[in-house]
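Proteins come first, then strands; the chains are lettered A, B, ... in the order of their sequence lines, and each starts at number 1.
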Amino acid sequence: MTTDKTQFLEQLNHVQREAAVYSDGPLLIIAGAGSGKTRVLTYRVAYLVKFCGVSPWDVLALTFTNKAAGEMKDRIQDLIGIPSRDMMIGTFHSMCARILRREIEALGYSSKFSIYDESDANRLIAQCLDEEGFDRRTYHPRAIKAAISRAKSEMADPDTLGGLASNITEEITAQVYRRYQERLRENSAVDFDDLLLLTVNIMELYPDVLEKYRQRFKHVLVDEYQDTNAVQYHLVKLVAEKHGNLTVVGDDDQGIYSWRGADIRNILEFEQDFPKAHVIKLEQNYRSTQTILRAANAVIMRNAGRKEKTLWTDNPEGELVRCYQAADEHGEAAMVAVETRRLVEEEERSFSDTAVFYRTHAQSRVLEEALIRLGVPYRIFGGTRFYERQEIKDIVAYLRVIANPSDEVSLRRIINVPTRGIGKTTLGHVERYARDYGISLMNALREVKEIPGLSARAVESVGGFLKMIDGLVMFMDEHDIEALIKEVWDRSGYMRELEAERTLEADARIENLQELLGVVEDFKVEYGSVSLDDFLERVSLVGDTDEMEEEGGYVSLMSLHNAKGLEFPVVFMTGMEEGIFPHIRSMEDPTGLEEERRLCYVGMTRACEALYVSHAECRSLWGGVSANPVSRFLTELPGEYLKETIPEEGVAVEPGEELDLVPGDVVSHAKWGRGTVLELVEKDNDSEVVVEFPALGTKRLLLCYAPLKKLEK
DNA sequence: GCCTGTGCATCGTCT
DNA sequence: ATGCACAGGC
């Protein structure tokens, strides 16, 4: 920590320094990949606090991921030496959630509102479709949800959407949207889009509220500005336009979220929006080798309509981009696993230096299998998140009902889990009663004795359920969350049920539930005491992918989208095939393709020192096998930057290929020398061979990428 | 009321 | 290949 201003600013190059100290209104920082964007943002905040008399309280810094927010917090804390807890640094969504906890009652929601994730929302949409009498097989809830989501991110309400409708599906969407929104409010629940939208609504409806936040956030900074959508744009504008202390950072070449409403024009037109805006371009890359940077530039150059910039670096030239063509996805995965291990064993890398990227999560499983087989530790980011697992969602649904009894989606989820005799028929009667009397489902349950057509047994079951919930609500008042969670396991019978099952799957679920306690523990360490509301909010907004534990060292597996904002010494980009990447669904129009190209650029520029690109000649996906041509992004890469990578010496044995190895054969390994085959193991499509090396002992090798050569006896 | 099997549709990226 | 919705049997 430094206190001397000159010394402080010496940590930056002169352009970065200009950006850090600029103090005269709106500032746009165009920050090329690896140009020290986060560094500038953190130094800027630290500079404001340390040398300009700005209170940490006055600062609002918005990011898109919790990971980015966490990193910024840590770095600012290091720079200014006061807990960054005092600063509002977070994602758009978490900041809005916090504002809504205070303000949402103005819109008729409970301040204990639930936050519905995609699957909760889809359930509710399905229910709305039913209620409106539409067939949910003709109108897929997911598609409707996506359309509503798009409308919300463009700030269109149901009436607006209905007005724009040009066909029956769009009209139905608008109609479902209206009901969906009503239902959300009745449940005191919001979806992800609402977090932003309702915040904007409140600020527009209640000038005093808006004024409060304008006073509160005297300095606003927005990261990844190219990814903001209309709502986020409005939010930023509402809060920051008056005082004009707004810094936005972004790179139009890294805009990869147009599909969720991000509008790249927000960054391209910043200067029109804020006429006094000053623009600073960061063009020196500190991250990648010359070769990697040039290769990435060669790809992104193909896009039209970019803000011209010339990214350069002083870094060494570095090694060529390594390209590997595998026979199929297993061969590709094996290459990644073998190479990763080799880097650790022979080039003094650690596993945490390495990241493996793919376009879709479906590709991760094969990679995972290969890594497991070679004993390479890894972590997967994104995909089926911890919090989306059934058992976690069930327990969280209990907690939500305890916190917010209006939350019908959660109530329905748990009312008969584990089964307690409140099935379809019973629920149907209760629902009907609730509708007839215009009361909530929970309140209808409380009047169960009045509901006609219910058996004495059903009445008893409902009574038991209510008694349990009420008991838990009372329990909550006097205990902390850990105790509450355990009590839920206990009283609901959920844990008993799992324990009785005695299957591997059930054991895994129990482990996950234990892990939920671990989450509470971590949360406590970070923030001190935790209320149920705080906890539920975190569960809804923080993907486990955001928690990157460094201990031990793992290879990181993640989607390209997940990779944004990160960097790794070694990067593998897999599945470089037409139809996979660029993704088939993006290939219909040029805009989609350009976005994929930006995604490719993002992926490549994550690499500091070594970049691998790989593709498979054929790939099993969606039940069938397809032979995909090599990705255009690879063919766009000038050959001078590429080097074919093949197993050194020896032969690459592709899966399925006959290999006449038998126990007793003598083989030569490219690095480990001579060994004797002990055993051959057939596994699905892969074969393994167990080889005894005199110097090293027994090794298991994947045959599809084994740098092995059979020696004549 | 609950469980199991079958048929069907889907198959992207995130908060 | 997977996951979801519904029908039918217990």
Side-chain angles (χ1 to χ4, degrees), chain A residues 62-69 90-97 115-119 121-123 126 130 135-138 140-143 146 149 152-153 190-197 224 227-229 231-232 255-262 357-363 365-366 381-385 387-388 390 415-429 454-455 457-458 461 537-543 545-546 558-565 575 579-588 592 595-596 598-600 602-603 620-626:
Chain A
L62 295 169
T63 64
F64 277 79
T65 64
N66 291 291
K67 211 183 307 177
T91 63
F92 274 97
H93 289 84
S94 63
M95 179 208 58
C96 287
I115 301 170
Y116 284 174
D117 70 11
E118 207 59 22
S119 67
N122 283 333
R123 274 164 193 253
D130 287 347
D135 179 19
R136 51 165 116 162
R137 269 180 303 188
T138 322
H140 307 287
R142 290 185 56 181
S149 185
K152 284 187 174 180
S153 65
V190 304
D191 62 19
F192 283 129
D193 304 306
D194 279 347
L195 285 171
L196 309 173
L197 191 54
E224 309 280 13
D227 285 329
T228 48
N229 64 23
V231 193
Q232 289 158 333
I256 54 174
Y257 285 110
S258 73
W259 51 272
R260 69 174 198 203
F357 302 156
Y358 35 78
R359 177 64 179 79
T360 67
H361 292 296
Q363 291 163 248
R365 228 174 80 178
V366 178
F381 296 86
T384 309
R385 288 139 191 271
Y387 296 115
E388 281 164 16
Q390 182 184 313
I415 194 162
N416 205 29
V417 176
T419 51
R420 50 173 73 88
I422 310 177
K424 238 188 208 161
T425 321
T426 307
L427 195 60
H429 281 106
L454 286 183
S455 64
R457 230 172 110 187
S461 301
E537 187 168 309
R538 175 180 181 97
V539 166
S540 310
L541 296 178
V542 181
T545 69
D546 292 314
M558 66 185 78
S559 72
L560 282 154
H561 283 87
N562 255 313
K564 183 147 92 150
I580 304 287
F581 187 38
H583 193 273
I584 187 88
R585 299 274 289 268
S586 72
M587 288 162 73
E588 290 140 23
E595 182 149 309
E596 294 287 297
R598 290 194 291 272
L599 191 55
C600 183
V602 166
S620 306
L621 208 58
W622 308 328
V625 181
S626 55

To the side chain of A:T419, which of B:dC3, B:dC14, B:dA9 is closest? B:dC3

Return the 5'-most residue of the pair A:R420, A:H583 with respect to DNA chain B, ranking by each residue's nearest nucleotide. A:R420

Nearest listed nucleotide, side chain of A:T65, among B:dT15, B:dC11, B:dT13: B:dT15

Taking only side-chain nitrogens and oxygens of A:T426, does any of them come within less than 4.0 Å of OP1 or OP2 of B:dG1? yes

With heavy atoms under 4.0 Å as the rule, sort A:E596 into base, sugar-phosphate or nothing. base

Starting from P on B:dG1, measure out to NE2 on A:H429 and report it in whole angstrom. 9 Å

For the pair made of OH in A:Y116 and C1' in B:dT15, what is the distance, rounded to whole Å? 18 Å

SB check A:D191 A:K152 (cutoff 4.0 Å): yes

Rounding to an integer number of Å, can you tell me how far A:D135 CG sits from B:dA9 P? 12 Å

OP1 or OP2 of B:dT13 sitting under 4.0 Å from any side-chain N/O of A:N562? no

Establish, from distance only, whether the side-chain atoms of A:S149 and A:D193 form a donor-acceptor pair under 3.5 Å. yes

Rounded to whole angstrom units, what separation is found between the CZ atom of A:R142 and the C1' atom of B:dC8? 15 Å

Mind checking if A:F92 touches a base, just sugar-phosphate, or nothing, with heavy atoms under 4.0 Å? nothing

Could you tell me how far apart A:Q232 (CD) and B:dT15 (C1') are, to the nearest whole angstrom? 9 Å

Between B:dC2, B:dT13, B:dT15, which nucleotide gets closest to the side-chain atoms of A:T360? B:dT13

Just to be sure I understand the rule, does A:R365 reach a base, reach only the sugar-phosphate, or reach nothing, if contact means heavy atoms closer than 4.0 Å? sugar-phosphate

Spacing between A:Y358 atom OH and B:dT13 atom C1', to the nearest angstrom: 12 Å

Just compare B:dG12, B:dT15, B:dC14 and give me whichever is closest to any side-chain atom of A:R585. B:dG12

What nucleotide among B:dT15, B:dC14, B:dG12 has an atom nearest to a side-chain atom of A:S586? B:dG12

Taking any heavy-atom pair under 4.0 Å as a contact, classify A:E118: base, sugar-phosphate, or nothing. base

C:dA5 and B:dG12, which share atom name C1', separated by this distance in whole Å: 24 Å

Where each residue is assigned the nucleotide of DNA chain B containing its nearest heavy atom, which of A:H93 and A:L427 is assigned the position nearer the 5′ end? A:L427

Less than 5.5 Å between centroids and less than 30° between ring planes, does A:F64 satisfy that with B:dC14? no

In whole Å, I'd like the distance from the CG atom of A:L196 to the C1' atom of B:dT15. 8 Å

What's the OH-P distance between A:Y257 and B:dC14, to the nearest Å? 6 Å

NA contact type, A:N416, heavy-atom cut-off 4.0 Å: base, sugar-phosphate, or nothing? sugar-phosphate

Residues passing the ring pair (Phe, Tyr, Trp, His ring centres under 6.0 Å) test with A:Y358, sequence neighbours excluded, are none

Salt bridge or not for A:R142 and A:E118, using N-O below 4.0 Å? no

Plane angle bin for A:F64 and A:Y257 - parallel if under 30°, tilted between 30 and 60°, otherwise perpendicular: parallel

Holding to side chain to side chain contact (heavy atoms under 4.5 Å, CB included), I want the full list of residues that pass it with A:H429, two or more places apart in sequence or in another chain. A:T425, A:I451, A:L454

At 4.0 Å (heavy atoms only), tell me whether A:T425 reaches a base, stays on the sugar-phosphate, or touches nothing. sugar-phosphate

